[in-house]
Amino acid sequence: MIDTRQSILDWPFVRQCPMKPPPELAELRAKPPCVVRIPAGATPERLAWLVTRHADVQQALKDPRMSADELKPGAPVRIQLPPGDRPSSFLRMDDPEHNRLRSMIATEFTARRVRGLHQPVQALIDDLLDGLAERPRPADLVDAFSQRLPSLVIARLLGVPDTQYDFFVDRTRVLLSQEDLAAAYTAYMDLTAFLRELALVKREKPEDDLMSRLATRHMATGAIDVDQLVGIARLVLVAGHETTTNQIALSVLSLLLDPELKDQVLADDGKLVPAFLEESMRYWSISQDAILRMATEDLELGGVRMSAGDAVVISIPGANHDPGMFPDPERIDVLRDTSEHLQWGKGPHYCQGAPLARLEMELAIKALFRRFPGLRLNCAREDIPFRRAPIFYGLTGLPVTW
């Protein structure tokens, strides 16, 4: 049972320095999990345990007693969505239903399948860089490149027409900003209606894309209905472009701010780019505060007794900046072992799209600096437009010239 007699912090925390996680996380790692207050939204305000140490976060992500099911009575919610009688996607379900639905798209993101996407992704990158070269300088790298690449890749994989690019990017941004819940709800419903209509079209006129395969292999057999198909597609669409967009932009920014790091990473035809990207993911930890669970049994975590029904906030930035796992965590070190960073999660909800995101990011970084070796930031450091909204960290723009 959560002890309400101890001091309670309001969560989520705010980054005081845009280059570092909130300072409260470093202070709290020295202690057992503490109590925080989750703000009201689709669910009432409530208290939760905050887990920040790497070992504790890893345990929480893997423990089957930590439920992700948003429909369990009292389940904590971070991304506020319109209420419904089903979870919004399998990301917010538990096994066995979570695994049943997740397995339907597993073959889309295997290493072999992703290797086959190398050429079309590279061709798209080259086209986008041609477009960037034609823009007046300075140019916004987010708008011209880092947002367009993953958005178009995931849209084409799903079967969403390129002409709908501006629509789904805008609706995703509004949904995830969570600054105006009425607007977020509208964005969610707009995306849902769009994907539902597209799913019905794919069922009648299938093409070579993920939504068509879901419609003909699974919806046609009764394994899923149209709402479940839409839930899968919506998750892939939103998660598949939003995180990669922000990670590419922040990784480029890291190199532009540190010429020595850039020279080190890009030497030998970018030999260290893959290692740099893993370290950049650890450093930026863009999944700021999106992961919540609920204990289904009494258990111990981080030296604290948690009771069935307790809410738990899992801090990826806290874990990825734990000096016990990553010495001198506030420094980007491309030679460190980052194999245990948790940006992709851990356990049953590990991100299926990780291989595709890695491919996009590696090809993007190498091609960008090969095409524009003189690329440089076109604003003062203090004027870099960081996104202050929670959920996923990133940039609203990145002014560059060359």
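- For the pair L398 and L395, the tightest heavy-atom approach, listed with the atom from each and the gap, is CD1-CD1, 4.1 Å.
- The shortest distance between side-chain heavy atoms of I105 and F90 falls below 4.5 Å.
- Residue pairs meeting the side chain to side chain donor-acceptor pair (under 3.5 Å) criterion with at least one partner in residues 50-59, sequence neighbours excluded, are R53-D56.
- In terms of the salt bridge (Lys or Arg N to Asp or Glu O under 4.0 Å) criterion, D337 has no residue partners (sequence neighbours excluded).
- With a 4.5 Å cut-off on side-chain heavy atoms, Q264 and D258 do not count as touching.
- Remark: the backbone N or O of R65 is paired with a side-chain donor or acceptor of T296 at under 3.5 angstrom.
- With contacts defined as side-chain heavy-atom distances shorter than 4.5 Å, the pair Q288/I316 does not qualify.
- Residue I154 comes nearest to G240 through the heavy atom pair CG1-CA, 3.9 Å, listed as atom of the first residue, atom of the second, then distance.
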L124 and L128: CA distance, side-chain angles, deciding distance, side-chain contact (heavy atoms from CB on, under 4.5 Å) verdict: CA-CA 6 Å; L124 178 55; L128 291 173; 4.2 Å; yes
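- Between F372 and L129 there is a side-chain heavy-atom pair separated by less than 4.5 Å.
- Atoms CG and CZ, from L356 and R115 in turn, are 13.5 Å apart once rounded to the nearest 0.5 Å.
- Taking the six-membered ring where tryptophan is involved, the planes of H98 and H349 are tilted, since the angle between them lies from 30° to 60°.
- Using modelled atom types and a 3.5 Å distance limit, the side chains of N320 and S285 yield a donor-acceptor pair.
- At a cut-off of 3.5 Å, with distance as the only test, no side-chain donor of S151 or Q147 sits close to an acceptor on the other residue.
- No more than 12 heavy atoms of other residues, nucleotides or ligands sit less than 6.0 Å from atom CD of E260.
- Note on ring orientation: taking the six-membered ring where Trp is involved, the planes of F386 and W284 are tilted (angle from 30° to 60°).
- Checking side-chain atoms of N246 against main-chain N and O of E242 turns up a donor-acceptor pair under 3.5 Å.
- The CG atom of L277 sits 13.5 Å away from atom CZ of R282, with the distance rounded to the nearest 0.5 Å.
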Residue pair I224, L101: steps toward the side-chain contact (heavy atoms from CB on, under 4.5 Å) verdict: CA-CA 8 Å; I224 57 174; L101 296 177; 3.6 Å; yes
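- For F194 and F168, the ring centers are positioned 6.0 Å apart or more.
- Summarising the local packing, CD of Q164 is surrounded by more than 12 heavy atoms from other residues, nucleotides or ligands at distances under 6.0 Å.
- Residues P33 and L50 fail the side-chain proximity criterion, which asks for heavy atoms closer than 4.5 Å.
- Salt-bridge check for D63 with R293: failed, with every basic side-chain N at 4.0 Å or more from each acidic carboxylate O.
- Annotation: cation-pi pair R387/Y393 absent, no NZ/CZ under 6.0 Å from the ring centroid and within 45° of its normal.
- Checked against the 6.0 Å centroid threshold, H341 and Y283 do not count as a close aromatic pair.
- Atom CG of residue L149 and atom CD1 of residue I125 lie 5.0 Å apart, to the nearest 0.5 angstrom.
- In this structure, the side chain of S254 engages the main chain of L250 through a donor-acceptor pair within 3.5 Å.
- Remark: the backbone N or O of V273 is not paired with any side-chain donor or acceptor of E362 at under 3.5 angstrom.
- When all heavy atoms of V14 and P23 are compared, the pair lying nearest together is O-CD, 4.2 Å.
- At distances below 3.5 Å, not a single donor-acceptor pair connects side-chain atoms of S307 with backbone N or O atoms of D310.
- Side chains of T192 and R234: a donor-acceptor N/O pair is present below 3.5 angstrom, by distance only.
- The main-chain N or O of N99 is found under 3.5 Å from a side-chain atom of S103 such that the two form a donor-acceptor pair.
- The shortest distance between side-chain heavy atoms of R203 and L200 falls below 4.5 Å.
- A donor-acceptor pair shorter than 3.5 Å cannot be found between the side chains of Q343 and S287.
- Without hydrogens or angle criteria, R137 side chain to V400 main chain gives no donor-acceptor distance under 3.5 Å.
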From CA spacing to verdict: side-chain contact (heavy atoms from CB on, under 4.5 Å), C34, W49: CA-CA 6 Å; C34 73; W49 297 104; 6.0 Å; no
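- Taken to the nearest 0.5 Å, the CD1 atom of I248 stands 6.0 Å off from the CD atom of E360.
- Minimum interatomic distance between G397 and P385 (heavy atoms only, all atoms of both residues): O-CG, 3.1 Å.
- Counting only residues at least two apart or in different chains, salt bridge (charged side-chain N to carboxylate O under 4.0 Å, His left out) contacts with residues 391-402 are absent.
- With hydrogens and angles disregarded, a donor-acceptor distance shorter than 3.5 Å links the side chain of Q228 to the backbone of D225.
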Test log, rule salt bridge (charged side-chain N to carboxylate O under 4.0 Å, His left out), inputs R336 and E279: CA-CA 8 Å; R336 80 162 83 236; E279 172 68 345; 2.8 Å; yes
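- For the atom pair CZ (R171) and CG (D166), the distance works out to 12.0 Å, reported to the nearest 0.5 Å.
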Test log, rule side-chain contact (heavy atoms from CB on, under 4.5 Å), inputs L25 and H321: CA-CA 9 Å; L25 296 177; H321 283 253; over 6 Å; no
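- A salt bridge is absent between D170 and R173: the closest approach of a Lys/Arg side-chain nitrogen to an acidic carboxylate oxygen does not fall below 4.0 angstrom.
- Salt bridge annotation for D162-R156: present, with a cationic side-chain nitrogen under 4.0 angstrom from a carboxylate oxygen.
- Note on R15 versus E24: no salt bridge recorded, every NZ/NE/NH1/NH2 to OD/OE distance being 4.0 Å or above.
- No more than 12 heavy atoms of other residues, nucleotides or ligands shown are found within 6.0 angstrom of NZ on K20.
- Residues L375 and L368 are in side-chain contact: their nearest non-hydrogen atoms beyond the backbone lie under 4.5 Å apart.
- To the nearest 0.5 Å, the span separating CG on L210 from CG on L237 amounts to 10.5 Å.
- Side chains of D289 and W11: no donor on one and acceptor on the other come within 3.5 Å.
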Steps toward salt bridge (charged side-chain N to carboxylate O under 4.0 Å, His left out) verdict (R213, D208): CA-CA 8 Å; R213 287 187 282 276; D208 184 18; 2.8 Å; yes
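- In this structure, K202 contributes its side chain and G159 its backbone to a donor-acceptor pair below 3.5 Å.
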Working for salt bridge (charged side-chain N to carboxylate O under 4.0 Å, His left out), residues K366 and D269: CA-CA 8 Å; K366 288 181 176 179; D269 199 28; over 6 Å; no
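- Panel note: side chain E278, backbone T338; no donor-acceptor pair is recorded below 3.5 Å.
- Remark: R305 does not engage D298 in a salt bridge, criterion side-chain N to carboxylate O under 4.0 Å.
- When side chains are defined from C-beta on, L9 counts as touching L28, because their heavy atoms get closer than 4.5 Å.
- In this structure, R371 pairs ionically with D130, as a charged nitrogen and a carboxylate oxygen lie closer than 4.0 Å.
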